[in-house]
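Naming convention: chains lettered A, B, ... in sequence-line order (proteins, then strands); numbering from 1 in each chain.
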Number of protein chains: 2
Amino acid sequence: MPYDPSAFPPFAVTVDLVVLTVRRHALCALAVRRGEPPFQGRWALPGGFVRADEDLAQAAARELAEETGLRAHDPSVPVQDNGAHLEQLATYGDPKRDPRMRVVSVAHLALAPDLPAPRAGGDASNARWAPVDELLQQGGYGRDGEPVAPLAFDHAQILADGVERARSKIEYSSLATAFCPTEFTVGELRRVYEAVWGVALDPRNFHRKVTGTPGFLVPTGGTTTRQGGRPAQLFRAGGATLLNPPMLRPEV
Amino acid sequence: MPYDPSAFPPFAVTVDLVVLTVRRHALCALAVRRGEPPFQGRWALPGGFVRADEDLAQAAARELAEETGLRAHDPSVPVQDNGAHLEQLATYGDPKRDPRMRVVSVAHLALAPDLPAPRAGGDASNARWAPVDELLQQGGYGRDGEPVAPLAFDHAQILADGVERARSKIEYSSLATAFCPTEFTVGELRRVYEAVWGVALDPRNFHRKVTGTPGFLVPTGGTTTRQGGRPAQLFRAGGATLLNPPMLRPEV
DNA sequence: GATCATAGTCGTCTGCTTGACGATAAACAC
DNA sequence: GTGTTTATCGTCAAGCAGACGACTATGATC
């Protein structure tokens with residue numbers, strides 16, 4: 001294993017982002033349209049090169065800010081204010097994943113509350129929140145009936161891995177609150193779980209579970225009626241990051 | 001995000017391996033002694049450069065074979081024969097992690113049954129199985145009383161992350177069987193959990209749990225008495241990879 | 001203002017899993 | 001045989017989850 005500088009092949013290193021949010025009861029991911037070949041005109045995950053003096057997490061946070069305006073949290077700090085949760089997902093390095101050169105991409109996963117509208121270099125038509133189901137279906141048709149092209153590069157795989165990570169992680173952590181605004185109701189949190197898992201949950205058992213787990217939610221004292229119906233208590237995310245026992249995802 | 005070939009800084013990409021096994025009731029990791037600067041003479045994780053035409057998983061499997069002679073499993077296939085479990089762990093890319101140049105390391109985690117003896121280029125004194133507690137304690141003294149130097153580079157962090165991954169993953173998957181030979185007893189599997197978690201488990205409850213989880217263990221029909229005491233049934237790992245409900249790690 | 005629809009919150013009951021631990025079984029050493 | 005070790009089965013109580021009834025507090029509709 002000598003580190004002879006002439007003995008190793010050079011790589012380009014990028015970060016790609018799986019930015020997830022919940023909009024209109026659906027789990028959505030941020031997609032940007034590629035403006036140049038390869039895969040010109042196709043949708044892709046946002047990302048970019050890691051700079052020479054930058055850590056991987058810094059690069060991911062910078063890209064996230066550039067694409068969405070979101071600040072990333074320090075991962076060691078519990079979810080708070082309107083920053084996004086950001087964590088490393090996995091690294092993809094197939095020699096043929098980019099037809100032009102050898103690129104290793106360190107994918108990151110970001111979870112954000114519902115945001116107004118994406119901006120990508122100021123051009124709204126080149127960035128959008130798309131339901132992950134729509135982005136992942138291969139060769140199907142979108143909700144508007146137009147044919148859906150698969151994501152560029154290996155981004156479908158990266159997105160699928162990110163979604164799976166998010167689905168499993170909200171089971172045993174308090175990460176689902178990262179999809180919520182600073183103050184939220186139990187019902188809003190439940191709708192997050194329902195959107196991410198794609199299932200219906202019993203409101204009564206869910207309420208018992210989340211309010212009974214110490215440190216998960218702290219009441220702010222306020223109430224809201226923005227969902228209609230009886231006013232609901234408002235909560236903030238508590239300090240607990242791990243849920244024990246976990247939230248159980250219903251079978252199949 | 002233009003892909004102008006002159007616009008990105010070149011990186012070296014390596015794979016580093018956290019190879020874990022259980023020896024004499026202790027969780028051990030493979031360490032190799034560095035033969036050259038920086039950190040010459042210090043212990044480090046095995047690893048090496050990713051080749052120009054190689055996938056990351058291939059590079060990790062190649063390094064694993066070079067260091068231990070182990071073949072890696074296809075991760076989609078359940079644990080079987082004496083191959084090792086191999087999975088990607090995380091990627092480390094701090095600009096200063098290698099003092100000579102910009103190196104991004106894609107760390108992998110391997111779990112192996114107890115092996116005869118490590119070989120690193122045929123020189124046994126340059127590779128060893130060391131208890132992870134010993135490798136991770138900073139500036140302490142080893143079991144033989146000699147001072148322990150911390151691992152080279154950021155390998156202590158990588159090792160800690162790998163150990164934590166293994167500890168949590170055996171909770172909800174059948175991965176603990178990767179530490180066992182092809183055929184093993186419930187008691188041997190229990191001692192794996194005890195070594196990895198560093199706790200004592202009730203043999204009766206453990207037996208009930210693992211034999212009661214469908215698909216976890218399949219009896220081979222044979223028995224063995226190699227542990228002394230009453231002969232124990234032999235099992236192979238079953239097809240199940242996920243344990244539901246999980247194996248619970250005792251509180252603190 | 002009465003009624004209805006909607007969403008939130010509190011309780012109850014039942015079954016399953018766990019943790020603690022008693023008891024028995026089958027080998028070996030002496 | 002006696003003691004030691006390890007394996008295996010059984011029992012019991014506590015805790016938690018799923019199913020679901022009941023009640024509350026809003027806004028919408030008649």
Table of protein N/O atoms under 3.5 Å from nucleotides 15-19 of chain D N/O atoms:
{"from": "D:dA17", "atom 1": "OP1", "to": "A:Lys209", "atom 2": "NZ", "distance (Å)": "2.9"}
{"from": "D:dG18", "atom 1": "N7", "to": "A:Arg208", "atom 2": "NH2", "distance (Å)": "2.9"}
{"from": "D:dG18", "atom 1": "O6", "to": "A:Arg208", "atom 2": "NH1", "distance (Å)": "3.0"}
{"from": "D:dA19", "atom 1": "N7", "to": "A:Asn205", "atom 2": "ND2", "distance (Å)": "3.0"}
{"from": "D:dA19", "atom 1": "N6", "to": "A:Asn205", "atom 2": "OD1", "distance (Å)": "3.2"}

What residue pairs, at least two apart or across chains, pass ring pair (Phe, Tyr, Trp, His ring centres under 6.0 Å) with a residue in residues 204-237 of chain A?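 Listed by first then second residue: A:Tyr193-A:Phe206.
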
Taking salt bridge (charged side-chain N to carboxylate O under 4.0 Å, His left out) as the definition, give me every residue that meets it alongside A:Lys169, ordered by chain and number, with sequence neighbours left out.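 Salt bridge (charged side-chain N to carboxylate O under 4.0 Å, His left out) list for A:Lys169, sorted by chain: A:Glu87.
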
Under the salt bridge (charged side-chain N to carboxylate O under 4.0 Å, His left out) test, residues paired with B:Asp161 that sit two or more places apart: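 In terms of salt bridge (charged side-chain N to carboxylate O under 4.0 Å, His left out), with neighbours along the sequence ignored, B:Asp161 is linked to no residue.
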
Whole-Å distance separating the [atom1] atom of [X] from the [atom2] atom of [N]:
X: A:Leu201; N: C:dG8; atom1: CG; atom2: C1'; answer: 16 Å
X: A:Leu234; N: C:dG8; atom1: CG; atom2: P; answer: 11 Å
X: B:Phe206; N: D:dG10; atom1: CZ; atom2: C1'; answer: 19 Å

Partners passing side chain to side chain donor-acceptor pair (under 3.5 Å) against B:Glu188 (at least two apart in sequence or in another chain):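 Result, side chain to side chain donor-acceptor pair (under 3.5 Å) vs B:Glu188: B:Arg226, B:Gln227.
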
Who are the side-chain contact (heavy atoms from CB on, under 4.5 Å) partners of A:Ala130, not counting sequence neighbours?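 For A:Ala130, the residues satisfying side-chain contact (heavy atoms from CB on, under 4.5 Å) (neighbours in sequence not counted) are A:Arg128, A:Leu135.
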
Test side-chain contact (heavy atoms from CB on, under 4.5 Å) applied to A:Ser168 - qualifying residues, sequence neighbours left out: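 Checked A:Ser168 against side-chain contact (heavy atoms from CB on, under 4.5 Å); matches are A:Glu164, A:Glu171, A:Arg249.
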
Looking at A:His108 and A:Leu86, what are the two nearest heavy atoms and their distance?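 Reported closest heavy-atom pair: CB-CD1, 3.9 Å.
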
Distances for protein N/O vs nucleotides 1-7 of chain D N/O pairs under 3.5 angstrom?
{"from": "D:dT6", "atom 1": "O2", "to": "B:Arg230", "atom 2": "N", "distance (Å)": "3.2"}
{"from": "D:dA7", "atom 1": "OP2", "to": "B:Arg190", "atom 2": "NH2", "distance (Å)": "3.2"}
{"from": "D:dA7", "atom 1": "N3", "to": "B:Arg230", "atom 2": "NH1", "distance (Å)": "3.0"}

Let's test your reading of the model: under 3.5 Å, does the base of C:dG8 pair with the side chain of A:Arg204 as donor and acceptor?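 Such a pair does not exist between side chain and base.
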
Would you mind listing every salt bridge (Lys or Arg N to Asp or Glu O under 4.0 Å) that reaches into residues 191-204 of chain B, with sequence neighbours excluded?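 Every salt bridge (Lys or Arg N to Asp or Glu O under 4.0 Å) pair that includes a residue of residues 191-204 of chain B, provided the two are not neighbours, is B:Arg190-B:Glu194, B:Asp202-B:Arg204.
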
